[in-house]
Amino acid sequence: MVRMSSVVIVGYGGYVPRYRIKGEEIARIWGRDRSELPTEEKSVTGLDEDTVTLAVEAARIALKRARIPPSKIGAVHVGTESKPYAVKPSGTIVAEAIGAVPRITAADFEFACKAGTEALQFITSLVDAGRIEYGLAIGADTAQGRPGDALEFTAASGAAAFIIGKNKNEGVAEIEAWTSYVTDTPDFWRREYERYPHHTARFTGDPAYFHHIVNSVKNLLENDGYTLNDVDYVVFHQPNTRFPLVAARLLGVDLEKVKPGLVVGQIGNTYAACSLLGLVRVLDQAKPGQRILLSSFGSGAGSDSYIIRVLENIKLKRDLAPPLDKFIDRKTYIDYAIYARHRKKILM
Amino acid sequence: MFRIKIPRYWRHKDFRYRLNAWRCNHCGEVHFFKPLVCRKCRSREFNQVSLPDTGKLLAYTVVRSPPEGFEAQSPYIVGIVELDDGTRILSQITDCHPEELKKGMRVEATLRKIREDDEDKIIAYCYKFRPTV
Ligand SMILES: [Zn+2]
């Protein structure tokens, strides 16, 4: 649907906080069956972290790879459903922290788990239109699940950042095409002043996740003349370990193309960062010339799909900052009591 | 009830967020926040410099009886970090347990929440250092 003239990722970064809680530990507290857990473990923020600090971590890693002066960034968009402030943009704090202020546009985007790929669409479009030289798109969340709810097993924390530019010689990958598929589907929501989201369990799979991802991917392939044979990696949104594998089966994608971008088993569903962290993990290992199909999902509901081609420069820039696996492997397990303190579930 | 002095927090954000300090044009003394006159040579001319975001840990201690406003993250670690240009800076050390700390270990700057205002709920963000990833 949207063909890009030449828009490239000049820097990327993924960040996951240090703490983990095992699915088994959550199951122990609520007396749940431990044999069918939606993920093995999930990431948990430290006491001093929130969506803004996670976003800054990822943005600074992306800057190390981009090797551009932050003052050249013309837009900072943060996609999240866990803004520290209901009113006061996260983007301004992030922009200030990396030294991108004041000649920028900044805003926060919300679209449940696809807010990050949505921010990426707008940054990509601003660069493509020539309005800015470089832009920063971030997906970051410190997702909350109601204690005892199915979502508590997966709602996790992380951030992914992408610096977008136009100069192919600086790019690690080229964004060749993207599309969106959106309908009004009430599968998951949170009203104002509420701490935890609600969800329609029956809707989560078929009318929501699978319907939107399958259609958004099909539209992208058909409209832009790609086939699945043209892509070497496929990254789906990962609300649990099962859904991305089922999406692959529905679309006829070889599972070997999906596995490198799967991170949900080790860090959980990091919401707006989720599919983008999968992309980061693939960029950490892909070869020049290879193509990546990225498809996010956000409740409410919609899916953004991208075709991204890896460029020669990846070999030079990849090692300028730590790979995502360094943060995934840097972990300290905590029990439910410490988790409850970290996630402010103890109200005094 | 702990209150944050918002104008002061706002004035100091260059240093607190990204270690942008002020160097005296005359004698080279580094000031974290822009002074009226240099404490060393009384000069009034300064240039903004960005300090290195990596260094080594010289000394540390664990704070178990925090001052008002710092209770939420207690106990926490405070250390003296020598940045790669030789500047020494007092900082909280995060993402580690006291038993993992070693004198001389490499650390890097990160941005974290330091405290919140009890009444107005504004969040104060500031640099902290963590073991280099
Ligand atoms: Zn002086």
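Throughout, a chain's letter reflects where its sequence line sits, starting with A, and its residues are numbered from 1.
If you measure heavy-atom distances from B:T132 to chain A, you find no contacts under 4.5 Å at all. Proximity to chain B involves both the backbone and the side chain of A:I93, based on heavy atoms less than 4.5 angstrom apart. For chain A, the nearby part of B:K128 is the side chain; its heavy atoms alone come within less than 4.5 Å. A:V94 does not touch chain B: none of its heavy atoms, backbone or side chain, sits under 4.5 Å away. B:D14 touches chain A through its side chain: at least one heavy atom from C-beta onward sits under 4.5 Å away, while N, CA, C and O do not. B:I122 touches chain A through backbone and side chain together, each having a heavy atom under 4.5 Å away.
With a 6.0 Å radius and a threshold of 12 heavy atoms from other residues, nucleotides or ligands, A:R103 has its CZ atom at or below the threshold. For B:K102, the NZ atom is loosely surrounded, since the number of other residues' heavy atoms within 6.0 Å does not exceed 12. Within a 6.0 Å radius of CZ in B:R3, other residues, nucleotides and ligands contribute more than 12 heavy atoms. Counted within 6.0 Å of CG on B:L36, heavy atoms from surrounding residues, nucleotides or ligands total 12 or fewer; the atom is thus considered open. For B:K56, the NZ atom is loosely surrounded, since the number of other residues' heavy atoms within 6.0 Å does not exceed 12. Crowding of B:E82 atom CD: a count of heavy atoms from other residues, nucleotides or ligands under 6.0 Å exceeding 12. By the 6.0 Å contact criterion, CZ on B:R64 is open, its count of non-hydrogen atoms from other residues, nucleotides or ligands being 12 or less.
B:C96 has its side chain within reach of A:R18: a pair of non-hydrogen atoms, C-beta onward, lies under 4.5 Å apart.
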Give the intermediate values and the outcome of side-chain contact (heavy atoms from CB on, under 4.5 Å) for residues B:R112 and A:E57. CA-CA 10 Å; B:R112 294 298 167 91; A:E57 299 267 13; 2.8 Å; yes
Please step through side-chain contact (heavy atoms from CB on, under 4.5 Å) for the pair B:R18 and A:E96, ending with a clear verdict. CA-CA 8 Å; B:R18 50 194 152 100; A:E96 188 83 47; 3.5 Å; yes
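Between B:H97 and A:T332 the shortest heavy-atom distance is NE2-CG2, 3.9 Å. In terms of heavy atoms, B:E71 sits closest to A:R341 at O-NH2, 4.3 Å. Across all their heavy atoms, A:Y85 and B:I123 have their closest contact at OH-N, 2.7 Å.
A distance of 10.5 Å separates CG of B:L111 from CD of A:E49, quoted to the nearest 0.5 Å. In this structure, CZ on A:F327 lies 9.0 Å from CG on B:D95, to the nearest 0.5 angstrom.
When each of B:E100, B:R16, B:Q92, B:R115 is scored by its heavy-atom pairs under 4.5 Å with chain A, the top score falls to B:E100.
Of the possible polar contacts, none joining the B:Y17 side chain to the A:G99 backbone as a donor-acceptor pair under 3.5 Å is found. Remark: side-chain polar atoms of A:R330 are not paired, donor with acceptor, to backbone N or O of B:V133 under 3.5 angstrom.
No hydrogens or angles considered: nothing links the side chains of B:Y76 and A:D48 as a donor-acceptor pair under 3.5 Å.
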